[in-house]
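Data first, discussion second: the structure below is written as structure tokens.
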Protein chains: 2
Amino acid sequence: MISQTAEYALRAAVCLAQYAELPLTTQQIASVTGVPAGYLSKVLQSLVKANLVMSQRGLKGGFVLGRRASSLTILEIVNAVDPIKRIVTCPLGIETHGVNLCPLHKRIDEAIAMVETSFAESTLAQLLASPSKITPLCALPSVANLEPRQTINKLKDEADGG
Amino acid sequence: MISQTAEYALRAAVCLAQYAELPLTTQQIASVTGVPAGYLSKVLQSLVKANLVMSQRGLKGGFVLGRRASSLTILEIVNAVDPIKRIVTCPLGIETHGVNLCPLHKRIDEAIAMVETSFAESTLAQLLASPSKITPLCALPSVANLEPRQTINKLKDEADGG
DNA sequence: AATAAACTGGATATGTAGGTCCACTTATCC
DNA sequence: GGATAAGTGGACCTACATATCCAGTTTATT
């Protein structure tokens with residue numbers, strides 16, 4: 001349904017949302033989300049390139065969300081790493097009927113559209129505010145395990161100022 | 001969203017539904033659907049094993065639908081070759097909360113469920129009866145190209161008699 | 001029974017997603 | 001400014017989905 005990579009990206013995004021402005025390192029995110037650290041690094045790069053996440057190099061660096069959790073949707077995260085592809089032209093390569101799809105592909109596209117809409121309407125903030133007894137990512141080896149570290153003002157400045 | 005293989009299976013199924021009881025060979029289905037013949041052969045095998053399609057070996061053999069098009073759903077076809085996997089347990093491997101999913105995975109599973117339901121409610125017959133001006137599979141290099149061949153009574157007998 | 005058409009099944013190739021590794025760069029702290 | 005912690009980028013490996021090929025088997029026709 002959605003790729004492994006997209007699922008990893010969502011886990012990372014939820015994780016970052018939970019720790020708000022505290023920059024988390026790849027290792028920390030990996031340990032919380034269970035995503036292979038090496039691969040997570042690539043996934044995070046994609047999110048950074050899409051401007052959904054900000055990174056800070058060097059000692060005390062890490063990753064923070066690029067926008068408020070309430071404005072970041074599941075769809076944006078997914079599309080950053082593995083775009084949902086609507087069916088816009090006939091997969092059989094027939095051009096005779098332009099934008100019109102045959103009933104089969106129309107039906108499939110409708111299903112894709114439903115998912116797209118559903119994901120577009122879900123924000124990270126909603127996931128955190130979910131009334132479930134279970135915290136997002138269920139695992140969450142306790143916030144306490146993560147050393148409190150200063151937030152990176154430089155990142156905040158960039159986000160606020162320009 | 002759905003795999004290439006699943007899409008191929010759907011094309012083949014719609015194709016068979018269009019030609020009703022006329023057995024079509026792998027080559028014929030391939031030319032109508034644009035699916036690579038060699039691979040289509042494998043896909044059809046999966047449909048046969050799932051009892052959604054019947055095959056007849058030998059001269060004048062071919063494939064026909066195993067049931068009426070009105071009772072065959074998109075979901076069945078898809079599940080025969082590439083099962084839709086609902087999220088039933090925590091992907092992080094946490095067992096502490098049994099059947100309960102965290103908000104993220106619950107949300108994703110809801111989307112999968114929507115697609116599942118949607119596919120379960122779509123039959124091949126509905127696709128053929130679609131009011132679209134475009135015939136299913138859009139391409140359809142005209143029925144006329146396919147030599148009329150006798151239906152295989154043996155297959156019909158098995159289907160009707162038991 | 002011989003022939004040819006057609007499915008079956010196994011071996012093999014290819015392409016892409018998933019994943020690992022490491023040298024390099026950047027930034028903080030002492 | 002040296003040491004160390006961290007992201008960056010590229011090369012590389014692995015597994016699986018996709019695809020090809022072919023020898024073997026079944027069956028209608030003659």
Side-chain angles (χ1 to χ4, degrees), chain A residues 1-9 11-12 16 22-31 33-50 53-64 66 78 81-83 85 91 146-147 149-155 157-158, chain B residues 1-9 11-12 16 22-31 33-50 53-64 66 78 81-83 85 91 146-147 149-155 157-158:
Chain A
M1 179 57 54
I2 74 171
S3 70
Q4 188 73 347
T5 303
E7 212 256 297
Y8 286 168
R11 288 192 209 177
L16 289 175
L22 182 66
L24 300 183
T25 69
T26 302
Q27 292 303 327
Q28 290 173 325
I29 301 172
S31 77
T33 60
V35 177
Y39 192 59
L40 176 61
S41 162
K42 304 296 183 190
V43 175
L44 287 168
Q45 287 316 304
S46 298
L47 296 180
V48 168
K49 287 200 182 94
V53 161
M54 288 185 299
S55 64
Q56 172 77 357
R57 282 186 165 191
L59 209 154
K60 303 255 175 170
F63 298 88
V64 295
V78 170
V81 297
D82 188 14
K85 298 171 293 296
L146 300 178
E147 295 287 319
R149 306 188 309 164
Q150 293 180 344
T151 60
I152 295 170
N153 288 324
K154 196 173 186 181
L155 289 177
D157 291 345
E158 284 172 2
Chain B
M1 179 57 55
I2 74 171
S3 71
Q4 187 75 343
T5 302
E7 213 256 297
Y8 287 169
R11 288 192 208 176
L16 290 176
L22 182 66
L24 300 183
T25 69
T26 303
Q27 291 304 326
Q28 289 173 325
I29 301 172
S31 77
T33 60
V35 177
Y39 193 59
L40 175 60
S41 160
K42 304 296 183 191
V43 174
L44 287 168
Q45 288 315 305
S46 297
L47 296 180
V48 168
K49 287 200 183 94
V53 161
M54 288 186 301
S55 65
Q56 172 76 358
R57 280 187 166 192
L59 209 154
K60 303 255 174 168
F63 298 89
V64 295
V78 170
V81 297
D82 189 13
K85 299 171 292 297
L146 300 179
E147 295 287 318
R149 308 187 309 164
Q150 293 180 345
T151 61
I152 296 170
N153 287 324
K154 197 173 186 180
L155 288 177
D157 291 346
E158 284 172 1

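The structure displayed is predicted, hence computed values, not measured ones. Here is the naming used below: chain letters follow the sequence lines, and residue numbers restart at 1 for every chain. The basis for the numbers below is simple: all heavy atoms, side chains too, and nothing from hydrogens, waters or symmetry mates.
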Flag the pair [X] / [Y] as yes when at least one side-chain heavy-atom distance between them is below 4.5 Å, and no otherwise.
{"X": "Val35(B)", "Y": "Val43(B)", "value": "no"}
{"X": "Met1(B)", "Y": "Met1(A)", "value": "yes"}
{"X": "Met54(B)", "Y": "Pro23(B)", "value": "no"}

Check the distance between [N]'s [atom2] and [X]'s [atom1] and give it to me in whole angstrom.
{"X": "Tyr39(A)", "N": "dA15(D)", "atom1": "OH", "atom2": "C1'", "result": "13 Å"}
{"X": "Asp82(A)", "N": "dG19(C)", "atom1": "CG", "atom2": "P", "result": "13 Å"}
{"X": "Lys60(B)", "N": "dT3(C)", "atom1": "NZ", "atom2": "C1'", "result": "15 Å"}
{"X": "Leu16(A)", "N": "dG7(D)", "atom1": "CG", "atom2": "C1'", "result": "14 Å"}
{"X": "Leu40(B)", "N": "dA6(C)", "atom1": "CG", "atom2": "C1'", "result": "13 Å"}
{"X": "Ile29(A)", "N": "dG7(D)", "atom1": "CD1", "atom2": "P", "result": "8 Å"}
{"X": "Lys85(B)", "N": "dA17(D)", "atom1": "NZ", "atom2": "P", "result": "9 Å"}
{"X": "Leu44(A)", "N": "dG19(C)", "atom1": "CG", "atom2": "P", "result": "14 Å"}

Can you list everything that forms a side-chain hydrogen bond (donor to acceptor under 3.5 Å, both in side chains) with [X]? Sequence neighbours excluded, please.
{"X": "Thr26(A)", "answer": "none"}
{"X": "Ser3(A)", "answer": "Asp82(A)"}
{"X": "Gln27(B)", "answer": "none"}

Stepwise, does the side-chain contact (heavy atoms from CB on, under 4.5 Å) test hold for Leu16(A) with Val53(A)?
CA-CA 9 Å; Leu16(A) 289 175; Val53(A) 161; 3.8 Å; yes
Of the options dA19(D), dT20(C), dC7(C), whose atoms approach the side-chain atoms of Thr26(B) most closely?
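Closest nucleotide among those given: dC7(C).
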From the options dA5(C), dC7(C), dG19(C), select the nucleotide whose nearest atom is closest to the side chain of Leu59(B).
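Nearest to the side chain of Leu59(B) among the choices is dA5(C).
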Should Thr5(B) and Tyr39(B) be marked as a side-chain contact (heavy atoms from CB on, under 4.5 Å) after you check the CA-CA gap, both sets of side-chain angles, and the distance that decides it?
CA-CA 9 Å; Thr5(B) 302; Tyr39(B) 193 59; 2.7 Å; yes
Atom pairs, N/O to N/O, protein against nucleotides 9-11 of chain C, distance under 3.5 Å?
unit_1: dG9(C); atom_1: N7; unit_2: Lys42(B); atom_2: NZ; d: 3.4
unit_1: dG10(C); atom_1: N7; unit_2: Lys42(B); atom_2: NZ; d: 3.3
unit_1: dG10(C); atom_1: O6; unit_2: Lys42(B); atom_2: NZ; d: 2.4

Just to be sure I understand the geometry, which residues of residues 2-9 of chain B put a non-hydrogen atom under 4.0 Å away from DNA chain C?
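DNA chain C contact set from residues 2-9 of chain B: none.
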Does Gln56(B) make a side-chain N or O approach to OP1 or OP2 of dA28(D) shorter than 4.0 Å?
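Result: yes.
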Between Gly58(A) and Ala37(A), just flag the one whose closest nucleotide in DNA chain C comes earlier from the 5' side.
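Taking each residue's closest nucleotide, the earlier one in sequence belongs to Ala37(A).
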Between Phe63(B) and Leu47(B), does the side-chain contact (heavy atoms from CB on, under 4.5 Å) criterion hold? Intermediate values first, please.
CA-CA 10 Å; Phe63(B) 298 89; Leu47(B) 296 180; over 6 Å; no
